[in-house]
Amino acid sequence: MRRGLWFVAGAGAGVYAMVRGRRAAEALTVDGLQDRWGAVTAGARMFRDEVAQGKAEAETDLRARLGLVPHGRPELVAPSSTTSPGTIPEISSTDEEGTT
């Protein structure tokens with residue numbers, strides 16, 4: 001019984017070593033290295049897209065909390081004085097006391 005157990009353990013270790021060796025040899029071939037490089041670039045691209053999406057969502061949330069206009073949409077402001085279209089409002093100057 002002991003010999004059988006050691007035989008099975010040795011055979012299992014041998015199969016495990018063969019599989020690991022074959023995988024390592026395949027990974028170090030040109031095709032294996034190209035596959036790994038492709039996976040790295042795809043992962044980096046996905047990470048970049050996730051970061052950009054997170055930045056856009058954070059900016060939108062921040063603008064909503066601060067009451068700012070959405071990015072890329074100009075804000076229309078009502079005129080501060082009642083002037084007719086085409087006229088230039090008069091600019092008044094004041095001194096230190098606030099009189100004109």
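Note: hydrogens, waters and symmetry copies are ignored here, and every other heavy atom, side chains too, is used.
Residues forming a side chain to side chain contact (heavy atoms under 4.5 Å, CB included) with E57 (at least two apart in sequence, or on another chain): Q53. Residues forming a side chain to side chain contact (heavy atoms under 4.5 Å, CB included) with L62 (at least two apart in sequence, or on another chain): R65, L66.
The hydrophobic cluster around W6 extends to none of the other residues, as no ILVMFWY side-chain heavy atom falls under 4.5 Å of it. Hydrophobic cluster membership for V51: F47 (Ile, Leu, Val, Met, Phe, Trp, Tyr linked by side-chain heavy atoms under 4.5 Å, directly or transitively).
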Going by atom type alone, with no hydrogens or angles, which donor-acceptor pairs under 3.5 Å involve a side-chain atom of residues 24-31 and a protein atom two or more places apart or on another chain?
residue : atom : partner : partner atom : Å
T29     : OG1  : E26     : O            : 2.7
T29     : OG1  : G32     : N            : 3.3

Side chains of residues 35-43: which donor-acceptor pairs under 3.5 Å do they make with residues two or more places apart or in other chains?
residue : atom : partner : partner atom : Å
T41     : OG1  : W37     : O            : 3.2
T41     : OG1  : G38     : O            : 2.9

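Within the 4.5 Å cutoff, no side-chain heavy atoms of E59 are placed close to those of K55.
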